[in-house]
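Below you'll find the structure, written out as structure tokens, and then a few comments.
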Amino acid sequence: MTDSQTTDLRAAARELHDAGLCVLPIKADGTKKPAVSWLGYKVERTTPDQHDTWFRGDRDRGIAVVYGAVSGNVELIEFEGLAIREGLLDEVTEIMEASGLGEPWSAILNGWVTESPSGGRHYRVRIDGGPVPPNRKLASRLAQEDEWDASERQRVAEKPNTKIMRVLIETRGEGGYGLVEPSSGTVHATGRPYVRLAGSPATIPVLDADTVDAIRDVCRMVDQMPAPEAPKTAPPPREPLPGGGLRPGEDFEARADWTDILRGTFRPIITRGHTTYWGWADGVGGVKATTGRDPEKDRLWVFATGSEFTADVPYSKFGAYTLLEHSGNFKAAATALRREGYGTEPPRRRLSPVPAQHFADGSSALDPAPDPQDGFEGGPQLRAVPSRPELDITNEADAIDGILALMANGRLPDLYKRSGGPCWVYRDENDDPVVKQLGTDNLRAYLADHVSSYIVKRNPATEQLEEQRELFMPKSCSTILGRKDWPLPPLRGVVTSPVIRPDGSLLEAPGYDRATGLYLEPRVPLRRLQPQVTRESLARAKDIVLDQVLADFPWVAASDRANYLGALLTPILRAYFHGPTQMVAITATAQGSGKTLLKDIFKYCYGTADTAWPENDTELRKSITTQLYGTGSPVVVFDNLPNGFVLKTPILSALLTGEHWGDRILGATGKVTMRNDRLWLVTGNALRTGGDNGRRVLWVKLDPDCPDPDQRDGFRVGDLRPWLRDNASTLVAALVTLVRAWLAAGAPTIRVRKGDYSVWASMMAGLLNFLGVEGWMADSANTRDQDDEYQEWALFLEMWRETFGAEPVQAGAVIKSLPNHVPRKGDDPPSANQLGIWLKARAGRYFGTHKAVMVVDSHKKQNLWRVDVHGDRGTGRHES
């Protein structure tokens, strides 16, 4: 102990409290756990009266400090005893001095310093101008085998790939605590005390948040844990070339020097052992990157975010050169390096080309096959020539087996399967994704592009076997397509924006996602999303969506804005939940109200499949099947329905309540079943519903309440369509951020009873409530006003009850007494028989508070009808 260190715990507590620190008592059983329930002390500092009780000397105790805001923004930087013994403190100090951090680091080293029982060093710093982050491990290394304890040896024995780690440098920050002197005896498992080496709680240095961040970065630079490499930054090793040849990238990796590669971006600051520390080329700031920490795999590791490099990802020399000189294009980089003399020329082997006169279609597939060794360096987004498989199709049966084997081994890229057979995804002339089901010609063209197929012929003059290029026969393609299954990844849908997987993770990488079977074909360039959603990014996203894009629409009520936002977020969450969604009906009182603009927001964000409303139910079924089977757009729009159009068809009812849709494809004999994973949307003025479709529609109503609404001006984003063309990526990122923030908060839901739509409605209610958007489905009672049939029957039954009371009567008597109120088709009232059929179809169903009930008159052998009134006032009974 130093002379300034007291052994009196009460005096120590007073010293710590006077320095603004929050004090805790610690158990004396070697566990280092608090002796009291301490969670409340993360935010409320303990008091001297509590210290008097805890440290009155009647029991053995240790003493600790809670770090973070409760102790005046103090953070602990701990160098473990292992780090001290291995000289890591000296190394870090040397780097600090070389990077311009020597003075603040010296203030920390000479502030309040404690030696732990294991020989470690505890340094404290008070952060000014920023919060204290939570506990962090800054540097670690793999434990050597002779360092393992018994439990670790058992873990490795059970799981040989287990990595045992030793922490070298870590922090105790917000929500953490650490023991301090004069804790001793059985407080620590070793029985040794905590010893003050320098300073006191009153001499903790105060540094600004940016400086402390830079100090932490330097500590992170001595981390020795192996890091996973990304294919775009450090391509994985490839099969060696015959004869010991080298590819350009491999040769460059062995011969190039980091100083030449990084010139103009970084400059070397200091080299210690195998490791070189780098700063910006302009000399501003401290250490920003390292190279050579692992002598067996020399990699660039960048800690800063202000360069072309992605932070915290290891780069090979070839990967760094490719990024800096060729924008990440490995093929172009390899070609340029070959021109500079890197690499050896690989041997080439070519198939004998088929004579050109045998073909007349000019297909590029008839060109001589490339040599499998004539490759280039590249990431997985590029298809290297050697990856193109060769296949002997001399024997048709072997050829079919060979193609199926290539499918099973994943050698045929961009080919998937769904109900109906193999398919691929492409963009049409409108830049919309299309799923193409393969026919014989499609499969033949695909194999021509992706497989070097050949036949073996014997030269009659020399008796030598020769390989000649040949395309698959159409009948072979038909045989493959005629199977009932194919060893291909299943395509379960196409999405055009980042979406949430069923497990809550974010799908944002374009292309096929094996975890979900979804194919991401972005409608707009995807913005890079931060790993975590911050309060600032959430606020910015809400501002973009709510206060800019949706701010100026003439919503009839708050529920219309909430309903629209729920619909707008649905494509992002569609893969996250099961069950159908309601059809979104965007309607207005007049033209020019903004219906098409609301539809266009979907178009610019996700893409829409626009289609006219068919003339009859048969054509409607065909249209639905076409959209589900052939298009990849997540939103299907029936646009500009006639004024006052009534949505009343059983086809629509079936579509909006089923998770799957089955139908026969035009021109085919078999039936296919497709996932009903689209958002269905209709637009039109004064739209209505009829039949059973009232509860299947989510209404979004607009009313500008002015003449010539299309002449309005002064909107916050100006003309919305040009704004969307320029900012659709930003809007999509904002929508995704809203959903990610909700997920990060635990994805709270609010129970909404909505029949088949309860899962979706409850989830969206929770999401909108989290965002502070009120009114989701709050117009449910008012939507009945949009249902002509409901209103007609509600009024009819009310007049019936008012006229006849609860007395059962014949249908004919009702028609005779209520000729102006009885429902009708066309201009003429129904017959008694027709009204009876209508009543049977609606028996027991409430229209408002009234329902029709059939009463069988067994004496007269006829059916009578009466109207009951719903009178449930919390008793659980219906009263008439």
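Position 1 is the first residue of the sequence; numbering continues from there.
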Side chains of [X] and [Y]: is there a donor and an acceptor less than 3.5 Å apart?
{"X": "Arg492", "Y": "Thr516", "result": "no"}
{"X": "Ser452", "Y": "Arg388", "result": "yes"}
{"X": "Asn329", "Y": "Ser327", "result": "no"}
{"X": "Trp258", "Y": "Thr276", "result": "no"}
{"X": "Thr114", "Y": "Arg124", "result": "yes"}

Just jot down the side chain to side chain donor-acceptor pair (under 3.5 Å) partners of [X], sequence neighbours excluded, or say none.
{"X": "Arg155", "value": "none"}
{"X": "Asn110", "value": "Ser106"}
{"X": "Glu115", "value": "Arg121"}

Kindly confirm or rule out a cation-pi arrangement of Arg255 over Tyr342, judged by NZ or CZ under 6.0 Å from the six-membered ring centre and within 45° of its axis? yes
Donor-acceptor under 3.5 Å ([X] side chain, [Y] main chain):
{"X": "Asn409", "Y": "Ala405", "answer": "yes"}
{"X": "Thr344", "Y": "Leu246", "answer": "yes"}
{"X": "Glu97", "Y": "Glu94", "answer": "no"}
{"X": "His326", "Y": "Gly328", "answer": "no"}
{"X": "Asn135", "Y": "Gly173", "answer": "yes"}

By the side-chain hydrogen bond (donor to acceptor under 3.5 Å, both in side chains) test, which pairs, at least two apart or in different chains, include something from residues 517-526? Arg427-Glu521, Asp432-Arg523
Calculate, to the nearest 0.5 Å, the distance between atoms [atom1] and [atom2] belonging to [X] and [Y] respectively.
{"X": "Ile77", "Y": "Ile215", "atom1": "CD1", "atom2": "CD1", "value": "6.0 Å"}
{"X": "Asp149", "Y": "Ile164", "atom1": "CG", "atom2": "CD1", "value": "8.0 Å"}
{"X": "Trp280", "Y": "Arg267", "atom1": "CH2", "atom2": "CZ", "value": "11.5 Å"}
{"X": "Leu88", "Y": "Glu91", "atom1": "CG", "atom2": "CD", "value": "5.5 Å"}
{"X": "Lys137", "Y": "Glu80", "atom1": "NZ", "atom2": "CD", "value": "9.5 Å"}
{"X": "Leu520", "Y": "Thr496", "atom1": "CG", "atom2": "OG1", "value": "8.0 Å"}

Check: residues 300-307 side-chain donor-acceptor pairs under 3.5 Å, at least two apart:
| unit_1 | atom_1 | unit_2 | atom_2 | d |
| --- | --- | --- | --- | --- |
| Ser307 | OG | Phe309 | N | 3.2 |

Please say which of Val222, Asp223, Leu82 ends up in a side chain to side chain contact (heavy atoms under 4.5 Å, CB included) with Arg141. Leu82
Taking 4.0 angstrom as the limit, do Arg528 and Glu508 come out as a salt bridge? no
Relative to the ring of [Y], is the ring of [X] parallel (under 30°), tilted (30 to 60°) or perpendicular (over 60°)?
{"X": "Tyr321", "Y": "Phe252", "answer": "tilted"}
{"X": "Trp105", "Y": "Phe79", "answer": "tilted"}
{"X": "Tyr194", "Y": "His122", "answer": "tilted"}

For the residue pair Leu518 and Ala575, what are the closest heavy atoms and their distance? CD1-CB, 3.7 Å
Might you point out which heavy atoms bring Val494 and Pro433 nearest each other, and give the distance in Å? CG1-CB, 3.9 Å
Among residues two or more places apart or on two chains, list those pairs meeting salt bridge (charged side-chain N to carboxylate O under 4.0 Å, His left out) that have a residue in residues 300-323. Arg220-Asp312
Side chain to side chain, Arg501 and Asp513, heavy atoms closer than 4.5 Å: yes
